[in-house]
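Side chains included, hydrogens not; waters and symmetry mates left out as well; all remaining heavy atoms used.
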Amino acid sequence: MTSISPVNANALFAAQERIQQDLKLALDAFSLAEPLKSAVYHAVMLGGKRVRPALCYAAASLSEHSNFAAARRAAVAVEFIHCYSLVHDDLPCMDNDLLRRGQPTCHVAFGEDTALLAGDILQSMAFEVLTSRLFDQQASVDSTVVLKQVQILATASSKMVSGQVMDLQAEGKAIDQDQLETIHRNKTGALIQAAIMMGAVTAFSGTDQAIPQLRQFGQNIGLAFQVHDDVLDIISTTETLGKTAGKDEQVEKSTYPALMGLEQAQQYAQSLQQQALAALDYFGESAKDLLEIAQFVLSRKN
């Protein structure tokens, strides 16, 4: 089994720099009216961990035959979907949050109507980017790869919304672990897994054994991410998180620490991480970037 060593986040830092540039290139390609334009840039460009794009790049880098332009478009698209989801999650009708990434949430800065529309347009922009020639205007677009990516992202986006509905319905209720995992494999895990698989299809055919290994990795690291997120809401501060700490308990959300206790939740996240890392054994040294990012998931402070 792949072992966990001290965290080296070089892959993540490199990905953050690359995606920041690519996100701006993509946004600049759209002609948006104000104040919608400013709201969209606010939602997308104000930082963030960029874990999903990093996973997309890392999965694509597993093969030297990968179409990296397609992976770059996929990384932008998945981050647009993630950013839209944060804007909508923060709205008064949802989680009613005032702080995101250390800044006022989109509806606080631009009004609820503009924030709602910013989230709406980021959804369509994601698929416009995914099906464009952005990053490889001179090359032919592999329509088979693009179709697979569209299917993966559309399915994950639907699951994410379903997970959010289930999460809202579970507030203030006692649910079991199976129900909680159903919520979070949809709400959080589906988009994380999609980022990996969108990168993977640029590098491997559907019959390659790499695909189920990466799917298993994505399922476990996606859930580990959410369990650790629940833990951080308890043990971290608003200043560190960049969003309101302790909010889950305030609104009586169903979380892993609430279900199984803080220590057991931390142990469960570590177990999921180990299962994710075991799936990377198949790739050997070529999975170094994925390994780094998987290690970061449970070492992050926000």
Side-chain angles (χ1 to χ4, degrees), residues 23 35-53 78-123 125-126 156-157 159-173 175 180 183-192 222-223 225-259 262 265 297 300-302:
L23 287 168
L36 183 62
K37 179 178 179 179
S38 293
V40 166
Y41 276 75
H42 180 91
V44 174
M45 297 303 295
L46 290 182
K49 294 176 284 296
R50 312 301 195 194
V51 169
R52 292 155 191 81
V78 76
E79 190 67 3
F80 277 5
I81 293 293
H82 176 55
C83 291
Y84 119 67
S85 75
L86 299 181
V87 172
H88 280 192
D89 281 358
D90 290 338
L91 287 171
C93 62
M94 302 283 273
D95 291 343
N96 194 23
D97 273 315
L98 305 180
L99 196 66
R100 173 69 68 178
R101 295 170 174 169
Q103 301 289 330
T105 49
C106 199
H107 70 272
V108 170
F110 297 96
E112 190 174 346
D113 51 355
T114 301
L116 180 67
L117 293 170
D120 288 344
I121 202 166
L122 278 169
Q123 295 177 69
M125 287 166 65
S157 300
K159 287 183 176 180
M160 180 182 68
V161 174
S162 296
Q164 176 70 358
V165 170
M166 290 186 282
D167 189 41
L168 290 170
Q169 291 176 332
E171 287 182 5
K173 298 179 182 177
I175 62 174
L180 187 58
I183 290 172
H184 290 306
R185 287 193 187 279
N186 284 277
K187 181 183 175 184
T188 303
L191 199 60
I192 289 176
L223 192 54
F225 188 98
Q226 179 60 54
V227 178
H228 188 59
D229 223 41
D230 287 356
V231 168
L232 288 177
D233 189 70
I234 294 174
I235 67 173
S236 194
T237 64
T238 297
E239 291 72 24
T240 300
L241 289 175
K243 58 183 180 180
T244 307
K247 188 70 181 291
D248 290 347
E249 188 174 7
Q250 291 174 24
V251 299
E252 298 183 349
K253 275 193 177 293
S254 296
T255 67
Y256 289 90
L259 178 68
L262 179 60
V297 163
R300 63 192 173 93
K301 306 300 181 186
N302 60 18

**Message:** Is it the case that over 12 heavy atoms from other parts of the model lie below 6.0 angstrom from the NZ atom of K37?
**Reply:**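 At most 12 heavy atoms, drawn from other residues, nucleotides or ligands, come within 6.0 Å of this atom.
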Sub-4.5 Å side-chain heavy-atom contact between [X] and [Y]:
X    : Y    : result
L259 : T255 : no
L99  : T238 : yes
K49  : R300 : yes
H82  : L86  : yes
P257 : V231 : yes
V44  : E79  : no

**Request:** Report yes if the distance between the aromatic ring centroids of Y256 and H184 is under 6.0 Å, otherwise no.
**Result:**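 So the answer is yes for these two rings.
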Heavy-atom donor-acceptor pair, [X] side chain to [Y] backbone, under 3.5 Å:
X    : Y    : answer
T114 : L36  : no
R100 : D97  : no
R101 : A43  : yes
T188 : Q226 : no

**Shortest non-hydrogen contact from L191 toward M160** =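 Between these two residues, the closest heavy atoms are CD2-SD, 4.1 Å.
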